[in-house]
Engineer: 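Got a structure for you, written out below as structure tokens; questions coming shortly.
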Amino acid sequence: MKVPVYLDYNATTPTDPRVVERMLPYFTDHFGNPSSSAHPYGWTAAEAVKQAREQIAEALGAQATEITFTSGSTEAINMAIKGIAEAYAEKGRHVITVQNEHKAVLDACGALERQGWTVTRLPVDADGVVSPDAVAEALTDETVLVAVMWANNETGVLQPMEAIAEIVRPRGALLLTDATQAVGKVPVSVEHVDLLVCSGHKCYGPKGVGALYMRRRAPRVHCYPLLDGGGQERGLRGGTLNVPGIVGLGAAMAIAVDEQPSEAARLQALRNRMEEALLAALPDLHIVGRGADRLPNTSSMTFRGAKNLNLMMGMRDLAVSPGSACSSGSGAGSHVLLASGLTPADAQASLRFSLGRFTTAEEIDFTIERVIAAAQGAGLALRDAEPAS
Ligand code: PLP
């Protein structure tokens with residue numbers, strides 16, 4: 001067992017060795033530029049990009065022509081939100097999103113707000129779920145785009161995408177989903193959405209590559225590029241393509257989707273065992289979103305009465321994440337947890353455990369033992385502790 005035990009797979013995943021193997025030739029032998037249409041170096045690279053695009057389309061139930069490669073989800077989200085806003089500004093200047101979205105979505109919407117757009121940020125319930133009725137109430141004839149994430153990166157809670165799509169799409173607004181955390185963990189398809197975003201490094205592919213799905217039919221989505229130049233990606237994203245990265249993304253998504261059912265069952269069993277053991281031992285432990293549909297690998301734990309940074313000091317041989325990693329810098333704690341109604345103290349008492357492809361039962365046993373010891377060290381009660389004499 002390797003220590004620290006890695007339980008931060010929602011932050012990033014190691015690149016699967018099978019993926020690395022597929023990528024390697026494209027750094028050396030097949031280094032051509034896919035835009036070099038005059039010779040075989042270019043053709044080989046272009047063929048690899050074509051195959052990867054097909055793999056990604058297949059993984060998402062899309063057409064290859066609907067996939068645009070980007071440097072990751074942040075870029076794809078920015079491209080979707082800003083590019084759609086530019087293309088549809090005549091329709092209206094209103095977007096809807098949700099308070100517990102990733103900062104990439106919230107900040108891109110904030111950029112529109114600075115240009116005079118109206119942004120509605122919908123509240124969520126205690127599990128972090130947005131109500132489709134709230135989406136319906138917020139929609140106006142001016143609404144261009146609704147952005148709702150498929151799965152939350154901190155709590156793993158899934159949004160009711162299908163119900164939201166049934167409300168949004170008949171009203172003529174476009175529906176964007178950030179599926180960065182969902183791909184490979186739960187079944188994901190573009191069936192009900194107009195735009196979808198995913199990233200290589202969250203599903204055992206390389207960092208620095210991602211994709212944007214944009215519907216081409218019923219309706220055909222129009223979007224302006226974020227990066228102009230070179231005409232690559234049908235003019236949607238200028239810049240020489242990252243061929244090894246794209247090959248890696250294609251291979252990673254194909255594997256992740258193929259193995260998703262068995263991996264989900266395995267990880268859910270490990271995650272549940274960890275949660276049950278810790279809940280049994282620690283009366284002050286609360287798990288955010290436990291009652292909702294969640295990713296099988298994620299557990300957002302609130303150790304009421306402790307500070308997450310102190311707890312982490314007591315569990316240095318575990319690599320976990322304080323829920324506040326992406327917080328606003330206000331010191332108040334994670335915006336995701338605050339949106340679910342946690343107090344600032346509880347938000348700062350929270351840690352995210354995210355399991356993944358290389359997590360073992362042995363690691364989970366070790367984790368249970370270490371977390372209980374750290375909680376005890378931070379002054380939390382144990383359920384069966386002897387009364388102090
Ligand atoms: N969206 C979600 C839900 C994420 O978890 C992340 C990664 O932290 C991103 C977007 C950004 O992804 P990337 O690192 O590919 O830019």
Side-chain angles (χ1 to χ4, degrees), residues 6-15 19 56 60 67-82 97-111 121 124 128-130 147-159 161 175-186 188 193 195-213 226-227 237 239 242 245-246 248-250 252-253 256 288-289 293-300 319-328 334-337 339-340 352-356:
Y6 190 72
L7 291 170
D8 207 7
Y9 283 87
N10 285 12
T12 195
T13 58
T15 309
V19 173
I56 292 157
L60 298 174
I67 305 298
T68 302
F69 290 112
T70 67
S71 64
S73 285
T74 301
E75 184 192 323
I77 288 165
N78 273 269
M79 178 176 162
I81 293 176
K82 295 173 185 172
T97 189
V98 184
Q99 286 175 2
N100 65 0
E101 290 284 310
H102 191 271
K103 288 285 176 175
V105 169
L106 294 175
D107 290 356
C109 289
R121 297 173 182 82
V124 292
V129 179
V130 65
V148 180
M149 72 200 314
W150 198 294
N152 189 276
N153 46 306
E154 288 188 32
T155 62
V157 168
L158 305 175
Q159 295 294 9
M161 289 312 303
L175 180 59
L176 161 68
T177 190
D178 173 2
T180 308
Q181 293 290 347
V183 168
K185 297 178 185 138
V186 287
V188 171
V193 299
L195 301 111
L196 179 146
V197 160
C198 59
S199 177
H201 76 106
K202 305 288 187 180
C203 59
Y204 308 91
K207 294 176 180 56
V209 64
L212 171 63
Y213 156 82
L226 200 59
L227 301 179
R237 203 265 186 182
N242 167 10
I246 288 168
L249 177 64
M253 279 183 60
V288 183
D293 281 343
R294 275 187 299 164
L295 294 175
N297 77 315
T298 308
S299 184
S300 173
V320 297
S321 172
S324 58
C326 298
S327 78
S328 59
S334 146
H335 73 281
V336 170
L337 301 180
S340 281
R352 177 186 69 188
F353 293 69
S354 49
L355 288 57

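All residue numbers in this chain count up from 1 along the given sequence. Atoms within a ligand are numbered from 1 in the order they appear, just like the ligands themselves.
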Engineer: Do you know which two heavy atoms are closest between A80 and L212, and how far apart they sit?
Structural biologist: CB-CD1, 4.1 Å

Engineer: With rounding to the nearest 0.5 Å, note down the distance linking NE2 in H335 to NZ in K103.
Structural biologist: 5.0 Å

Engineer: Identify, with sequence neighbours excluded, every residue that meets ring pair (Phe, Tyr, Trp, His ring centres under 6.0 Å) alongside Y9.
Structural biologist: Y6

Engineer: For T74, which part has a heavy atom under 4.0 Å from ligand 1: side chain, backbone, both, or neither?
Structural biologist: both

Engineer: Can you check whether V188 reaches L60 side chain to side chain, under 4.5 Å on heavy atoms?
Structural biologist: yes

Engineer: Determine whether any heavy atom of E101 lies closer than 4.0 Å to an atom of ligand 1.
Structural biologist: no

Engineer: Has D293 got more than 12 heavy atoms of other residues, nucleotides or ligands less than 6.0 Å from its CG?
Structural biologist: no

Engineer: Which atom pairs, one a donor and one an acceptor, fall under 3.5 Å between side chains of residues 199-207 and the rest of the protein, sequence neighbours left out?
Structural biologist:
| from | atom 1 | to | atom 2 | distance (Å) |
| --- | --- | --- | --- | --- |
| H201 | ND1 | T12 | OG1 | 2.7 |
| K202 | NZ | N10 | O | 3.0 |
| K202 | NZ | A11 | O | 2.8 |
| Y204 | OH | R357 | N | 2.7 |
| K207 | NZ | T12 | OG1 | 3.1 |

Engineer: Using a 4.0 Å cutoff against the non-hydrogen atoms of H201, which atoms of ligand 1 qualify?
Structural biologist: 13 (P), 14 (O), 15 (O)

Engineer: Ligand 1 and E75, any nitrogen or oxygen pair closer than 3.5 angstrom?
Structural biologist: no

Engineer: Counting only heavy atoms closer than 4.0 Å, does ligand 1 sit against the backbone of M149, its side chain, both, or neither?
Structural biologist: side chain

Engineer: Please examine the side chains of E101 and V130, heavy atoms only from C-beta on, and report whether any two atoms are closer than 4.5 Å.
Structural biologist: no

Engineer: Counting from 1, what ligand 1 atoms have a heavy atom of Q181 closer than 4.0 Å?
Structural biologist: 3 (C), 4 (C), 5 (O)

Engineer: Would you mind running through ligand 1 and noting each atom that sits below 4.0 Å from a heavy atom of G72?
Structural biologist: 15 (O)

Engineer: Check this for me - ligand 1, N10, N or O atoms closer than 3.5 angstrom, yes or no?
Structural biologist: no

Engineer: Counting each atom of ligand 1 from 1 as listed, which ones have a heavy atom of K202 under 4.0 Å away?
Structural biologist: 5 (O), 6 (C), 7 (C), 8 (O)

Engineer: Where on S73 is there a heavy atom closer than 4.0 Å to ligand 1, on the side chain, on the backbone, on both, or on neither?
Structural biologist: both

